[in-house]
Amino acid sequence: MSTSTERPSAANSASQTVRISGSEAVVRSLLAEGVDLLFGYPGGAIMPVYDELYKFQDQLNHVLVRHEQGATHAAQGYARSSGRVGVALATSGPGATNLVTGIADAMIDSTPMVCITGQVPKHLLGSDAFQECDVIGVTIPVSKWSYQVTEASEIPEVFAKAFYIAKTGRPGPVVIDITKNAQFEEFDFSYEKCELIRSYVPRPKLQADQVQAAADLINAAERPMIFFGQGVILSEAEAELKALVEKAGIPAAWTIMGLSAMDTDHPLNVGMLGMHGNYGPNVMTSKCDVVIAIGMRFDDRVTGNLDYFCKQAKVIHLEIDAAEIDKNVKTEVAVLADCKESMAALMPLLEKREYPEWLQMFRDADKKEFEKVIEAECQPTEGMITMGETIAQLNKITGGDAIIVTDVGQHQMIACRYAEFNRTRSSITSGGLGTMGFCLPAAIGAKMGAPERDVVAVVGDGGFQMTCEELGVILQTKVNVKILLLNNEFLGMVRQWQQLFFEKRYSSTVMINPDFQLLAQAYGIETKKIDERADLVSSLEEMMNHDGSYLLEVRVGKENNVFPMVPTGAATSDIRLE
């Protein structure tokens, strides 16, 4: 095996052959793919790789999380804020299975991630050896690709394929399981990046006739709507979206994953679709005549009851993943391609239009929602502090420039409804899987992926306690994350459903919480707790201006609800304001 003084630099290691161990090949493969940061937790079956990480620590920074699930969420946050592939590393058995929640989360939210796990030696596979688990069998259903390496010579090609698959087409997580013998074996290493896999077509060929058909429908429309999702962000098509919206004059609504792809204050941005979205775009799903869905998958939280969703409208779907076409909503025209490419092709064919009467219907709905919901939520004058006013005041301080990372629950819906953004890749949340515990590690990863930006973790008391051990990462790395803990002493979203649909039988949703200030102080984090409205603005300013991580606990109304709301089984147009 080569010594540290014999190693070629990362710049030329991919172009020449050198005899090294499989574990060193893992590290060299990561460097060849441009990886400079990964999140993980060591253990016996992955120890040879960790030994090589020690030797390469000047080129590859490893962040020691406190639980393997935290590694995947941190890798997700890193990927979402930076646009790069996140990397997580764990040992076999429980180390690998602890990654699964984050892998599933990344799969449904299309987050590019490579997860590397150690495995027992090849000759012990299938013997129920210590800490053996069928990682491939477990992860195939929740990953874009899974592969078990049993010989060192496989490592370069597998890693090259893994990064190519993770980041191309519709992104997603890839799992590489490496037996311990493969980590020790020596072989002649060289690395070549993957640019083609037979039968894998990440970018479908754009069909000009479909683009023309879409343009014809749009130009003939009287009440068109755009629904845009995270596909716009993943394809870096924010400029194309803005240009299309402005030329065609079409009101545009976003899914929770599409938030920040378009400035929230843009005059044609009409708000959030879905269960707790804005009143206007939800009601107008039953009035529009043409829908242009861009980079979104018609999730059930967006559509409500499919028997009633957009039945009067002709649907155009701009989508890169053929599996999403007609999966939930029948389309009139499907444009199968990267949405950056398809929007660019569509633009010259569109007439410049305005729809003042149609847009006014959204404005009238906005006024109704403000009077019924927003005024009381964001501008209260009595009672306990609300989540909405907290986010509204945070907006004034950040100016829409911060990255907001949320957990899952009432605070998530409030933050997504009211946070303001003027930059893309600014909203990071667990959308499809709805993973409580996502926020804190994801915020840490997001800050490491975009160190120049302010990162605020908006979290509830329930989700925070699921992964609060990751405060240890803040202690060890000194990463600067602001934690805004909205504490209502309930599992708030479940409690809301229990109130509305289960006659206030609050079964197992009351939270008896620890002293969060003592907890933060134990990890060396500055902290403060408030419950008076008069202290809100100054405390938020103190948090944002503090040099280092900070936890601000805001005690909010215990039984406040999130409205508007589309009840389960209802049409989106039946959205309730109270």
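What's counted below: heavy atoms across the whole structure, side chains too, no hydrogens, waters or symmetry copies.
There is a side-chain donor-acceptor pair under 3.5 Å between Gln498 and Thr509. In this structure, a donor-acceptor pair under 3.5 Å is present between the side chains of Asn513 and Gln465. Defined by atom type and a distance below 3.5 Å, a donor-acceptor pair is missing between the side-chain atoms of Glu559 and Gln499. For the residue pair Glu154/Tyr147, the side-chain donor-acceptor check at 3.5 Å is satisfied. One side chain, Thr168 or Tyr200, offers a donor N or O that lies under 3.5 Å from an acceptor on the other. Side-chain polar atoms of Thr406 and Thr429 form a donor-acceptor pair below 3.5 angstrom.
Within a 6.0 Å sphere centred on OH of Tyr41, other residues, nucleotides and ligands contribute 12 heavy atoms or fewer.
The minimum heavy-atom distance between Val49 and Val27, with the atom names listed, is O-CG2, 4.3 Å. Of all heavy-atom pairs spanning Thr467 and Leu440, the tightest one is O-CD2, 3.6 Å. The heavy-atom pair separating Tyr418 from Ile391 by the smallest distance is C-CG2, 3.8 Å. Closest approach of Lys482 and Gly548 over heavy atoms only: NZ-O, 2.6 Å. Across all their heavy atoms, Ala415 and Val458 have their closest contact at CB-CG1, 4.4 Å. Summarising the geometry of Asp407 relative to Cys439, their closest heavy-atom pair is OD1-N, 2.9 Å, with the distance given to 0.1 Å.
Note that CG of Leu475 and OH of Tyr523 are 8.0 Å apart. Values are rounded to the nearest 0.5 Å. Rounding to the nearest 0.5 angstrom, the gap separating the OG atom in Ser507 from the CZ atom in Arg495 is 14.0 Å.
The salt bridge (Lys or Arg N to Asp or Glu O under 4.0 Å) analysis of residues 94-117, with sequence neighbours excluded, yields no pairs. Under the salt bridge (Lys or Arg N to Asp or Glu O under 4.0 Å) criterion, no residue pair touches residues 56-81, with sequence neighbours excluded. Listed by first then second residue, pairs satisfying salt bridge (Lys or Arg N to Asp or Glu O under 4.0 Å) with a partner in residues 86-97 number zero, not counting sequence neighbours. For residues 445-459, every residue pair satisfying the side-chain hydrogen bond (donor to acceptor under 3.5 Å, both in side chains) rule, not counting sequence neighbours, is listed here: Ser426-Arg453.
Residues forming a side-chain contact (heavy atoms from CB on, under 4.5 Å) with Val408 (at least two apart in sequence, or on another chain): Gln412, Ser430, Met436. The side-chain hydrogen bond (donor to acceptor under 3.5 Å, both in side chains) test applied to Glu151 returns no partner, not counting sequence neighbours. Under the side-chain contact (heavy atoms from CB on, under 4.5 Å) criterion, Thr568 pairs with Met275, Trp497, not counting sequence neighbours. Pro567 is linked by a side-chain contact (heavy atoms from CB on, under 4.5 Å) to Phe501, Ala570, Arg576, counting only residues two or more places apart in sequence or in another chain. Applying the salt bridge (charged side-chain N to carboxylate O under 4.0 Å, His left out) test to Lys529 and every residue at least two apart in sequence or in another chain returns nothing. In this structure, the salt bridge (charged side-chain N to carboxylate O under 4.0 Å, His left out) partners of Asp338, at least two apart in sequence or on a different chain, are Arg203. Every residue meeting the side-chain contact (heavy atoms from CB on, under 4.5 Å) condition with Asn422, not counting sequence neighbours, appears here in chain and number order: Asp263, Asp401. Under the side-chain hydrogen bond (donor to acceptor under 3.5 Å, both in side chains) criterion, Gln517 pairs with Thr527, Glu553, sequence neighbours left out.
Counting heavy atoms from C-beta on, the side chains of Tyr164 and Glu33 never come closer than 4.5 Å. Side-chain contact between Leu259 and Met272 is absent, with no heavy-atom pair separated by less than 4.5 Å.
No salt bridge links Glu319 with Arg170; every basic N to acidic carboxylate O contact stays at or beyond 4.0 Å. Salt bridge Arg297/Glu324: absent, no basic N to carboxylate O contact under 4.0 Å.
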